[in-house]
Amino acid sequence: MRGVILAAGKGSRISAESNGLPKSFLEVNGKKIIQHQVAALRKQGVQDIVIVTGYKNWLFDEEFKGQPDIRLVKNPFFASCNVLGSLWFARAYMDQGFFFMHADTLFDAEILAKLDVADGDICFAVEFKQTVEEEMKVKVTEGVITEVNKTMACESAHGEFTGVAKIQKKAVPALVQYIEQIIERDMDHNTFFEHAIQKMIDAEVTVVRAVDIGTCRSIEIDFPEDYLRAKNVF
């Protein structure tokens, strides 16, 4: 398994806390978020990690200089595209199964272990809870995700997709096909990774399993209050 981390964004909603650095450089418990993620992947035995950078990409060059298991891919259009656009730049490295994660999510490494042993071509780490408006919400039926987006009503959702997933090799060709379709044919550059997944669900080309994170901790850091909570929780 490979690791793919999307770390291209600026994080403008938390710019006061990041002091001009990429959001994934925010420190929690003495380590940058991106360092926590790389450590979690290495703990799971992943020896090939691809990080898609954009905003101040040279800082990642400096951070991971001399680390042969890290490959950096630059998204020069990070300011005008969303997560799926960044993933498009990593498609050359999507030739095997991989762990996927957003670089602004701080989580317990055990979540990767749960995903690793889970059955399913695509597995999403899900926190089953009452959701709030900003979160990437999911509907789940008998362990299968039927809907994933930010726009569904909170009362209709069963939980939040944490931003950490496992994509098995079998599912990679279809995922790449849908990414390329959205980016290259539909010219929809400002959309989420989950948009491609929803299209795959709707077309019934794959089954997306919800893996309950249970008591594991996971916090997506979008706003200053998220960062404060992350520092308290971790």
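Worth knowing before you read on, the calculation uses all heavy atoms, side chains too, and leaves out hydrogens, waters and symmetry mates.
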Show, in sequence, the C-alpha distance, side-chain angles and deciding distance for Val28 and Gln35, and conclude whether the side chain to side chain contact (heavy atoms under 4.5 Å, CB included) test is met.
CA-CA 10 Å; Val28 176; Gln35 292 174 330; over 6 Å; no
Check: Val208 and Val144 side chains under 4.5 Å, non-hydrogen atoms
no
Near Glu225 CD, under 6.0 Å, is it more than 12 heavy atoms from other residues, nucleotides or ligands?
yes
Side-chain heavy atoms of Glu220 within contact of Asp226, under 4.5 Å:
no
Between Phe193 and Phe124, what is the ring plane arrangement, given parallel below 30°, perpendicular above 60°, and tilted in between?
tilted
If hydrophobic clusters are built from ILVMFWY residues whose side chains come within less than 4.5 Å, do Leu72 and Leu41 share one?
yes
Would one find more than 12 heavy atoms of other residues, nucleotides or ligands at under 6.0 Å from atom NZ of Lys170?
no
At what distance, to the nearest 0.5 angstrom, does CD of Gln96 lie from CD1 of Ile167?
13.0 Å
Under a single-linkage definition using a 4.5 Å side-chain heavy-atom cutoff for Ile, Leu, Val, Met, Phe, Trp and Tyr, are Ile219 and Phe25 assigned to the same hydrophobic cluster?
no
Is the closest side-chain donor-acceptor distance between Asn149 and Gln198 under 3.5 Å?
no
Does the structure place the NZ or CZ of Arg2 under 6.0 Å from the centre of the six-membered ring of Phe98, at an angle of no more than 45° from the ring's axis?
no
Just checking Gln47: does its CD atom have more than 12 heavy atoms from other residues, nucleotides or ligands closer to it than 6.0 angstrom?
no
pair Trp88-Cys81: side-chain heavy atoms closer than 4.5 Å
no
Do Ile49 and Met94 belong to the same hydrophobic cluster, where Ile, Leu, Val, Met, Phe, Trp and Tyr are linked whenever their side-chain heavy atoms lie under 4.5 Å apart, directly or via other members?
no
First locate atom NZ of Lys114, then atom CD of Gln44, and finally report the distance between them rounded to the nearest 0.5 Å.
12.0 Å
Point-to-point distance, once rounded to the nearest 0.5 Å, from CD1 of Ile34 to CD1 of Ile51
4.5 Å
Side chain to side chain contact (heavy atoms under 4.5 Å, CB included) with Phe99: of Val4, Ile5, Leu115, only one passes, and it is Leu115
Criterion side chain to side chain contact (heavy atoms under 4.5 Å, CB included) on Ile182 and Lys199, from CA distance to verdict
CA-CA 10 Å; Ile182 294 168; Lys199 281 185 170 290; 3.8 Å; yes
Report yes or no: do Ile183 and Val50 belong to one cluster of Ile/Leu/Val/Met/Phe/Trp/Tyr joined by side chain heavy-atom distances under 4.5 Å?
yes
Begin from the C-alpha positions of Glu135 and Lys150 and carry the test salt bridge (Lys or Arg N to Asp or Glu O under 4.0 Å) through to its verdict.
CA-CA 6 Å; Glu135 293 171 335; Lys150 286 192 173 187; over 6 Å; no
In sequence, state the C-alpha distance, the side-chain angles, and the governing distance for Asp119 and Arg209, and then conclude on salt bridge (Lys or Arg N to Asp or Glu O under 4.0 Å).
CA-CA 8 Å; Asp119 290 330; Arg209 298 283 179 184; over 6 Å; no
Heavy-atom closest pair, residues Thr105 and Gln37
O-NE2, 2.8 Å
Is Ile197 close to Ile122 at the side-chain level, that is, under 4.5 Å between some pair of heavy atoms?
yes
On a heavy-atom basis, the closest approach of Ser18 and Leu26 is CA-CD2, 3.7 Å
Can you check whether Asp69 reaches Arg42 side chain to side chain, under 4.5 Å on heavy atoms?
yes
For Gln168, is the CD atom crowded, meaning more than 12 foreign heavy atoms sit under 6.0 Å from it?
yes
Distance-only side-chain donor-acceptor flag, Ser86 / Asn75, under 3.5 Å
yes
Hey, can you tell me if Phe64 and Phe60 have their rings parallel, tilted or perpendicular (30° and 60° cut-offs)?
parallel
Of all heavy-atom pairs between Lys23 and Ile33, which one has the smallest distance, and what is that distance?
O-CD1, 3.9 Å
Please step through side chain to side chain contact (heavy atoms under 4.5 Å, CB included) for the pair Phe107 and Thr162, ending with a clear verdict.
CA-CA 9 Å; Phe107 60 89; Thr162 62; over 6 Å; no
State whether the side chain of Asp108 and the backbone N or O of Glu110 hold a donor-acceptor pair below 3.5 Å, judged by distance alone.
no
Which is it for Lys129 and Glu160 under the salt bridge (Lys or Arg N to Asp or Glu O under 4.0 Å) test, yes or no, and what are the steps along the way?
CA-CA 7 Å; Lys129 63 171 188 174; Glu160 177 194 9; 3.2 Å; yes
Could you tell me if the side chain of Val207 sits less than 4.5 Å from the side chain of Asp121, heavy atoms only?
no
Give the minimum heavy-atom separation between Asp116 and Lys166, together with the two atoms involved.
O-NZ, 3.5 Å
Measure the CZ-NE2 distance between Phe192 and His102 for me, rounded to the nearest 0.5 Å.
8.5 Å
Taking Val140 as the starting point, is it possible to reach Met152 by hopping between hydrophobic residues whose side chains are less than 4.5 Å apart?
no
Is a donor on one side and an acceptor on the other found under 3.5 Å between the side chain of Gln67 and the backbone of Glu63?
yes
Intermediate values then yes/no, side chain to side chain contact (heavy atoms under 4.5 Å, CB included), Phe77 and His189
CA-CA 10 Å; Phe77 306 111; His189 303 153; over 6 Å; no
For Gly20 versus Lys56, what's the shortest heavy-atom pair and its separation?
O-NZ, 2.8 Å
Could you state the interatomic distance from NZ (Lys32) to CG (Leu106), rounded to the nearest 0.5 Å?
14.0 Å
For residues Thr53 and Phe78, determine if any side-chain heavy atom of one lies less than 4.5 Å from a side-chain heavy atom of the other.
no
Leu175 vs Val172 side-chain heavy atoms within contact, under 4.5 Å
no
To the nearest 0.5 Å, how far apart are CE in Met187 and CD in Gln181?
13.5 Å
Gln130 versus Glu155, side-chain donor and acceptor atoms under 3.5 Å
no
Which heavy atom in Val46 sits nearest to a heavy atom in Gly3, and how many Å separate them?
CG1-N, 3.6 Å
